[in-house]
Number of protein chains: 2
Amino acid sequence: MASKSSIEKDRSIIRELIRDARQTNVALAAKVGLSEGAVRRRVERLLAEGQFHFAVIPSPSFMGRPVHTMFEIQSAPGATEQLIEQLVAMPEISYVYHVTGQFDIVAVGYFTSSNEMRTFWTERLGNLDGLMESRTLMVLRVAKRAHEWAREMATDEADPD
Amino acid sequence: MASKSSIEKDRSIIRELIRDARQTNVALAAKVGLSEGAVRRRVERLLAEGQFHFAVIPSPSFMGRPVHTMFEIQSAPGATEQLIEQLVAMPEISYVYHVTGQFDIVAVGYFTSSNEMRTFWTERLGNLDGLMESRTLMVLRVAKRAHEWAREMATDEADPD
DNA sequence: ATTGAAAGGTTCTCAGA
DNA sequence: TCTGAGAACCTTTCAAT
């Protein structure tokens with residue numbers, strides 16, 4: 001086989017970490033075919049470049065925030081960025097996406113109760129500058145959370161010349 | 001102050017790990033007031049119980065999947081679970097949410113190109129059993145991804161009697 | 001940019017409470 | 001269920017390539 005390109009080594013490292021975020025650099029090194037030090041330097045570089053990050057995903061219920069809500073938000077013309085900034089500044093909101101379609105923004109929040117969510121929606125979301133229309137979706141269940149494509153393309157070693 | 005309850009110690013550990021997913025058990029132990037071994041056993045128990053998990057979040061673009069898409073899906077009456085199962089089985093789909101509202105399901109996928117996304121949408125999504133209607137939202141930007149509420153309630157120690 | 005080896009720190013195991 | 005000490009393992013540093 002031809003040696004993997006540098007970026008393919010980087011991607012192999014990240015794919016391995018997606019499979020197991022807590023494996024050691026020693027284990028990674030054995031899998032991608034580098035020394036422990038080389039893997040460690042690549043991981044640090046990739047983190048600094050923002051190519052991936054380590055995260056802890058809590059169970060919102062266990063943390064006391066069982067009410068999982070998505071808000072679809074339509075902004076007044078030209079007001080989308082301003083609206084996004086306001087949403088980003090709200091601690092109740094965990095995720096903010098700029099999207100195409102009828103709605104311009106999707107925001108996700110976790111609340112301690114449906115009552116807290118309602119209060120947030122009526123008193124804080126409803127008062128945002130530039131908001132034209134919004135819809136609320138309650139998330140009943142997270143049925144999947146996995147990047148299965150990270151397991152693809154594990155080997156390009158079977159390529160014939 | 002009264003001693004923290006056992007579940008509050010668990011939550012403190014998880015909140016600390018949300019702040020820094022890679023800190024050592026020794027560092028955690030100092031912050032939550034337990035020995036390293038006690039913290040390690042709690043972390044293992046919480047992981048086994050599914051109260052949180054460690055994850056690596058890649059930059060989809062760096063991994064060669066720059067096209068980030070949300071699908072809103074309306075199911076035929078009674079077909080939602082069947083539809084969710086089919087979506088969960090698709091490797092292109094990373095997240096599947098069961099939600100309330102006009103649409104029953106929100107699914108998120110990452111694609112190598114808009115052409116691949118279009119092919120997926122027309123040939124795979126369109127053929128799902130029980131699908132009534134769907135809408136496609138392209139995600140242009142992720143403006144926020146953080147659980148700021150994990151920093152709240154750090155102390156219940158100031159409570160007067 | 002990578003390797004290999006020594007030093008330092010973390011994790012794991014186990015005995016004791 | 002927790003603590004503390006020792007062994008095993010991992011990470012960090014550094015000289016060399």
Side-chain angles (χ1 to χ4, degrees), chain A residues 1-59 61-64 150 153-157 159, chain B residues 1-59 61-64 150 153-157 159:
Chain A
M1 91 190 215
S3 262
K4 264 183 202 162
S5 68
S6 190
I7 194 169
E8 269 312 315
K9 282 179 192 155
D10 288 344
R11 286 176 174 153
S12 295
I13 289 170
I14 296 175
R15 278 197 292 269
E16 265 305 320
L17 285 170
I18 289 171
R19 290 209 311 159
D20 178 2
R22 267 165 39 112
Q23 61 190 300
T24 65
N25 291 330
V26 174
L28 272 176
K31 287 172 191 159
V32 305
L34 288 170
S35 69
E36 182 276 333
V39 166
R40 180 157 38 84
R41 238 171 307 103
R42 278 173 185 267
V43 165
E44 278 158 15
R45 193 197 76 241
L46 291 165
L47 286 171
E49 289 173 355
Q51 310 296 17
F52 79 99
H53 65 273
F54 289 95
V56 152
I57 313 294
S59 155
S61 301
F62 185 78
M63 299 305 281
M153 318 181 307
T155 59
D156 42 291
E157 307 172 354
D159 285 348
Chain B
M1 89 187 217
S3 263
K4 265 183 200 162
S5 68
S6 189
I7 194 169
E8 268 313 314
K9 281 180 192 157
D10 287 344
R11 286 176 174 153
S12 294
I13 289 171
I14 296 175
R15 277 196 293 269
E16 265 306 320
L17 285 170
I18 290 171
R19 291 209 311 159
D20 177 3
R22 263 157 53 104
Q23 61 189 301
T24 65
N25 291 329
V26 174
L28 272 175
K31 287 172 190 158
V32 305
L34 287 170
S35 68
E36 181 275 333
V39 165
R40 180 157 38 83
R41 241 171 308 102
R42 277 172 186 268
V43 165
E44 279 158 14
R45 193 197 76 242
L46 291 166
L47 285 171
E49 290 172 354
Q51 310 297 17
F52 79 99
H53 65 272
F54 289 96
V56 152
I57 313 293
S59 154
S61 300
F62 185 78
M63 299 305 281
M153 318 183 307
T155 58
D156 41 291
E157 307 171 355
D159 285 348

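In the text below, chain A, chain B and the rest are named by the order of the sequence lines, each starting its count at 1. Heavy-atom basis, side chains included; hydrogens, waters and symmetry copies ignored.
- Distance check, rounded to the nearest 0.5 Å: CG of A:Leu46 to CD1 of A:Ile7 gives 9.0 Å.
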Nucleotide-resolved protein contact map, nucleotides 10-17 of chain D, B/S/- at heavy-atom distance under 4.0 Å:
SBBB----
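- Using a 4.0 Å heavy-atom cutoff across all strands shown, B:Arg45 reaches no nucleic acid atom at all.
- The one candidate from B:Val32, B:Ile14, B:Leu34 that meets the side-chain contact (heavy atoms from CB on, under 4.5 Å) condition with B:Lys9 is B:Leu34.
- For residues 24-52 of chain B, the ring-ring contact (aromatic ring centres under 6.0 Å, His included) pairs, not counting sequence neighbours, are B:Phe52-B:Phe54.
- Partners of B:Arg41 under the side-chain hydrogen bond (donor to acceptor under 3.5 Å, both in side chains) rule, at least two apart in sequence or in another chain, do not exist in this structure.
- In this structure, A:Arg22 reaches neither bases nor backbone, as no heavy-atom distance under 4.0 Å exists between it and the strands shown.
- Checked against side-chain hydrogen bond (donor to acceptor under 3.5 Å, both in side chains), A:Arg42 has the following partners two or more places apart in sequence or in another chain: A:Ser6, A:Asp10.
- Closest heavy-atom contact between B:Arg11 and A:Phe62: NE-O, 2.8 Å.
- Every residue two or more places apart in sequence or in another chain was checked for a side-chain hydrogen bond (donor to acceptor under 3.5 Å, both in side chains) with A:Asn25, and none qualifies.
- Between the axis at the start and the axis at the end of the helix from C:dA1-D:dT17 to C:dA17-D:dT1 there is an angle of 30°, using five pairs per end and rounding to 10 degrees.
- The distance from atom NZ of A:Lys31 to atom CD1 of A:Ile13, rounded to the nearest 0.5 Å, is 12.0 Å.
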